[in-house]
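Lettering follows sequence order; numbering is per chain, from 1.
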Amino acid sequence: QKEVEQNSGPLSVPEGAIASLNCTYSDRGSQSFFWYRQYSGKSPELIMFIYSNGDKEDGRFTAQLNKASQYVSLLIRDSQPSDSATYLCAVNKGGGFKTIFGAGTRLFVKA
Amino acid sequence: GEEVAQTPKHLVRGEGQKAKLYCAPIKGHSYVFWYQQVLKNEFKFLISFQNENVFDETGMPKERFSAKCLPNSPCSLEIQATKLEDSAVYFCASSQSGTGFQPQHFGDGTRLSIL
């Protein structure tokens, strides 16, 4: 079992729809959770981070964390073609000096 | 600087040669992380530093890989006796703290091609 699991996709949604990206992790001691977006051939850029159970909203993005279920998700509202990218879930284990990344979910937003 | 600067952007080496990659973290960031991404697959954590001190090197293939962060110099990742399987994009990231509650900021990566 991988430490951070994501569905590789591709996930395809029409423009204007809600895209839902999911991630599960195995270490119950994980403390902080990050979503990065990576365009092809580019470096990852931070979209959202969350530490506490519940929802955190930032513009069109909402991160959801459920530590009991070891589950973190990212919702993208009003999806745009420019949102088409690979979304990486990253989990910081205790101490924070090691971050484990999932394999990423490829998202396609169709115009 | 305001960005993580990685050099070179692309490095080509013959199998068995040495490869050395460099990373200058964002000014004021004390923590540096190296990752390996093979063929757009998941990031493999290699090593993390606080200033010049190694904190976690559990991802490093120690027999051929080494890394340093020395004062007043870019950090470096060196691969001795490169193998074809070392071909990947190597990303460096930096953060203000290592508690895990600060996001990491990534450089543009160095694409290493072993022929």
Side-chain angles (χ1 to χ4, degrees), chain A residues 1-10 23-27 29-52 56 58 61 63 65 67 72 74 85-107, chain B residues 2-7 9-10 21 23 25-26 29-51 53-60 67 69 88-111 113:
Chain A
Q1 180 190 9
K2 293 184 179 179
E3 293 184 81
V4 178
E5 298 251 24
Q6 293 182 255
N7 187 327
S8 62
C23 173
T24 58
Y25 59 94
S26 60
D27 187 345
S30 299
Q31 298 176 346
S32 50
F33 308 86
F34 303 83
W35 284 100
Y36 289 86
R37 177 175 63 196
Q38 186 179 26
Y39 292 111
S40 182
K42 301 294 185 182
S43 61
E45 54 180 325
L46 182 71
I47 299 295
M48 293 280 292
F49 58 90
I50 188 167
Y51 313 136
S52 304
K56 180 181 179 182
D58 183 1
F61 299 95
L65 175 61
K67 289 186 177 180
V72 58
L74 179 70
T86 296
Y87 288 79
L88 300 165
C89 172
V91 175
N92 261 37
K93 305 179 78 170
F97 298 112
K98 183 173 181 176
T99 301
I100 306 298
F101 281 78
T105 298
R106 292 175 64 197
L107 172 66
Chain B
E2 295 298 318
E3 296 181 342
V4 176
Q6 289 190 249
T7 56
K9 291 190 183 302
H10 193 182
L21 292 59
C23 169
I26 292 173
H29 285 195
S30 302
Y31 296 84
V32 172
F33 308 80
W34 283 99
Y35 297 90
Q36 179 194 58
Q37 188 177 37
V38 178
L39 295 176
K40 300 182 181 180
N41 288 333
E42 61 194 275
F43 280 63
K44 177 187 175 185
F45 170 84
L46 295 176
I47 191 168
S48 59
F49 288 85
Q50 180 194 19
N51 297 315
N53 302 306
V54 174
F55 265 101
D56 189 327
E57 56 182 345
T58 53
M60 287 282 273
C69 280
V89 180
Y90 290 82
F91 285 100
C92 174
S94 71
S95 70
Q96 283 184 310
S97 78
T99 62
F101 296 98
Q102 291 288 332
Q104 295 174 25
H105 300 266
F106 284 81
D108 288 338
T110 292
R111 180 175 298 278
S113 301

query = To the nearest 0.5 Å, how far apart are OG in B:Ser95 and CG in A:Leu46?
reply =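 CG of A:Leu46 is found 11.5 Å from OG of B:Ser95.
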Out of curiosity, B:Gln37 CD to A:Phe101 CZ, how far, rounded to the nearest 0.5 Å?
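One finds 9.5 Å between CD of B:Gln37 and CZ of A:Phe101.
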key: Heavy-atom side-chain contact between A:Thr99 and B:Phe43 under 4.5 Å   =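 Side chain of A:Thr99 against side chain of B:Phe43, heavy atoms only: no contact under 4.5 Å found.
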query: Which heavy atom of B:Phe91 sits nearest a heavy atom of A:Gln38, and at what distance?
result: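 So the minimum-distance heavy-atom pair works out to CZ-NE2, 3.8 Å.
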task = For residues A:Ser43 and B:Gly107, report the shortest heavy-atom separation together with the two atoms involved.
result =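 Answer, listing the atom of A:Ser43 first, then B:Gly107: CB-O, 2.8 Å.
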How about A:Arg37: does its CZ atom have over 12 heavy atoms from other parts shown lying under 6.0 Å from it?
->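 For A:Arg37, atom CZ is crowded (more than 12 foreign heavy atoms under 6.0 Å).
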Notebook entry, point to check: Where on B:Phe106 is there a heavy atom nearer than 4.5 Å to chain A: the side chain, the backbone, both, or neither?
Noted result: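 Both backbone and side chain.
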